[in-house]
Amino acid sequence: MRPRIAEDPWHSLRKLTSARIAQGHSGGSLPTQPMLEFELARARARDAVHLSFDTLALAKGAPNGLEVIEVHSAAPTRDIYLRRPDLGRRLDLPSRTRLEAQSGAVSQPAIGFVIADGLSALAVHRHALAVFNLAYSALRATDWQIAPIVIAEQARVALGDEIGELLAAKQVAVLIGERPGLSTADSLGIYLTYAPRPGRSDAERNCISNVHPNGGLGYAQAAHKLVWLLHEARRRQLTGVLLKDDSESCPTLIGS
């Protein structure tokens, strides 16, 4: 006899969240369909972590006239990157030399942007340029000095601190793939740090997380938050726990 699937009394709450609640049960186990969906989500998350970073496509998608510099962290391979987070927080020697030679190309840039693979290159491939291009257009319209865009491979968030310091940027914004979950494997995060330098703590950054169009933060909304935070950080000369996101009270800064 086919086992009866017992419905969960919380079933009506599923329409309010993407979390795996009210899956039901068949005997002491999950029903087949929710179990297969779980395994598929897990496989997608693993694939996102190990996906190769397409730096060439990102460089081609940058705005015309904006120089692109490709760098690599001190983690030589993906396996080492995953086992040694510390190596993902600093540049390898050739990359550091490349950025040192670049320093001064833009006189005291107000902002440096880093596009980094992080733990989901998939998120960066899908979403980073869309958000960056919106923010870039808004900043150029208000005469911000912008450093060459840096594309960083095998990177952690804190790698932006060293990059920003080498570029002599007053602020650095790191657009990076967030750790994939079982609800989404392509969530983008944006981390903003004023006066970047190695040793900055996470408490000294602002984070815009869960950027993706399907149930997350949309591109225009994310770009608006980023541009608002950049303006406020420049005005107050700080980022982090002392800079609260009040961007929703401000008219949109992103053109249509």
*Minimum heavy-atom separation for P148 to I69, with atom names?*
CB-CD1, 3.9 Å
*Dump the intermediate steps for side chain to side chain contact (heavy atoms under 4.5 Å, CB included) on D117 and I176, then the final yes or no.*
CA-CA 6 Å; D117 50 0; I176 191 168; 5.8 Å; no
_Exactly one of R197, R96, R90 should register a side-chain hydrogen bond (donor to acceptor under 3.5 Å, both in side chains) with E162. Which one does?_
R96
_Verdict with supporting geometry, D186 and E178, side chain to side chain contact (heavy atoms under 4.5 Å, CB included)_ = CA-CA 7 Å; D186 66 338; E178 296 182 322; over 6 Å; no
_Under 4.5 Å between side-chain heavy atoms, counting indirect links through other Ile/Leu/Val/Met/Phe/Trp/Tyr residues: same cluster for V241 and L229 or not?_
yes
*asked:* Just checking E39: does its CD atom have more than 12 heavy atoms from other residues, nucleotides or ligands closer to it than 6.0 angstrom?
replied: yes
_If I compare all heavy atoms of A185 with all of P180, which pair ends up nearest, and what's the gap?_
CA-CB, 3.8 Å
*Gap between atom CD of E248 and atom CD of Q221 - 0.5 Å precision*: 6.5 Å
*Could you tell me whether the side chain of T142 and the main chain of L139 form a donor-acceptor pair under 3.5 Å?*
yes
*Any link between L129 and L122 through a network of hydrophobic side chains (Ile, Leu, Val, Met, Phe, Trp, Tyr) touching at under 4.5 Å?*
no
_Can you confirm whether F53 sits close enough to R78 that some side-chain heavy atom of one is under 4.5 Å from a side-chain heavy atom of the other?_
no
*Identify the two heavy atoms, one from A121 and one from S52, that lie closest to each other, and give their separation to 0.1 Å.*
CB-O, 4.2 Å
*Heavy-atom pair with the smallest gap, counting every atom of I163 and A152*: CD1-CB, 4.4 Å
*Run the numbers on K244 and D246 for salt bridge (Lys or Arg N to Asp or Glu O under 4.0 Å), then give the verdict.*
CA-CA 6 Å; K244 305 302 181 184; D246 195 27; over 6 Å; no
_Hydrophobic clusters here meaning ILVMFWY residues chained together by side-chain heavy-atom distances under 4.5 Å, can you tell me if L226 and L243 are in one?_
yes
*Should D79 and T77 be marked as a side chain to side chain donor-acceptor pair (under 3.5 Å) after you check the CA-CA gap, both sets of side-chain angles, and the distance that decides it?*
CA-CA 5 Å; D79 286 343; T77 67; 5.5 Å; no
*Apply the test side chain to side chain contact (heavy atoms under 4.5 Å, CB included) to residues D47 and R44: give CA-CA distance (whole Å), side-chain angles for both, the deciding distance (0.1 Å), then the verdict.*
CA-CA 5 Å; D47 287 348; R44 285 173 173 165; 5.7 Å; no
_Interatomic spacing from CD in Q145 to CZ in R140 - rounded to 0.5 Å_ = 7.0 Å
*asked:* Less than 6.0 angstrom from the centroid, inside 45 degrees of the normal: does R156 satisfy that with respect to the ring of Y81?
replied: yes
*From L58 CG over to I151 CD1, what is the distance, rounded to the nearest 0.5 angstrom?*
5.0 Å
*Is N206 reaching over with its side chain to a backbone N or O of G240, donor-acceptor style, under 3.5 angstrom?*
yes
*I111/K170 under side chain to side chain contact (heavy atoms under 4.5 Å, CB included): CA gap, chis, key distance, verdict*: CA-CA 6 Å; I111 176 66; K170 294 181 180 178; over 6 Å; no
*Report yes or no: does E204 contribute a side-chain atom to a donor-acceptor pair with the main-chain N or O of S201 at less than 3.5 Å?*
yes
_Heavy-atom pair of closest approach, residues K225 and S247_ = CG-OG, 3.3 Å
*Would Y194 and V150 show up in the same hydrophobic cluster when neighbours are defined by side-chain heavy atoms closer than 4.5 Å?*
no
_side chain to side chain contact (heavy atoms under 4.5 Å, CB included) partner of L159, chosen from V174, L91, L87_ = L91
*ring-ring contact (aromatic ring centres under 6.0 Å, His included) partner of Y219, the single match among H212, H127, H224*: H127
*Give a yes or no on whether a salt bridge exists between R200 and D161, defined as a side-chain N under 4.0 angstrom from a carboxylate O.*
no
_Distance alone, cut at 3.5 Å: any donor-acceptor contact between the side chains of S73 and Q154?_
no
*Please report the closest heavy-atom contact between L253 and V227, naming both atoms and the distance.*
CD1-CG1, 3.7 Å
*Which distance, rounded to the nearest 0.5 Å, do you find between the CZ of R236 and the CG of L242?*
7.0 Å
*Measure the spacing between CD1 of I208 and CG of L192 and express it to the nearest 0.5 Å.*
7.5 Å
*In terms of side-chain geometry, is the basic nitrogen of R205 or D202 positioned less than 4.0 Å from the acidic oxygen of its partner?*
yes
*asked:* Going by ring-ring contact (aromatic ring centres under 6.0 Å, His included), F113 matches just one of F132, Y191, Y136. Which one?
replied: F132
*Would you find a donor on one side and an acceptor on the other, under 3.5 Å apart, between the side chain of S120 and the backbone of A123?*
yes
*How many angstroms lie between atom CG of N214 and atom OG of S183, to the nearest 0.5 angstrom?*
12.5 Å
*Linking I/L/V/M/F/W/Y whenever their side-chain heavy atoms sit closer than 4.5 Å, directly or via other members, would I254 and L175 fall into one cluster?*
yes
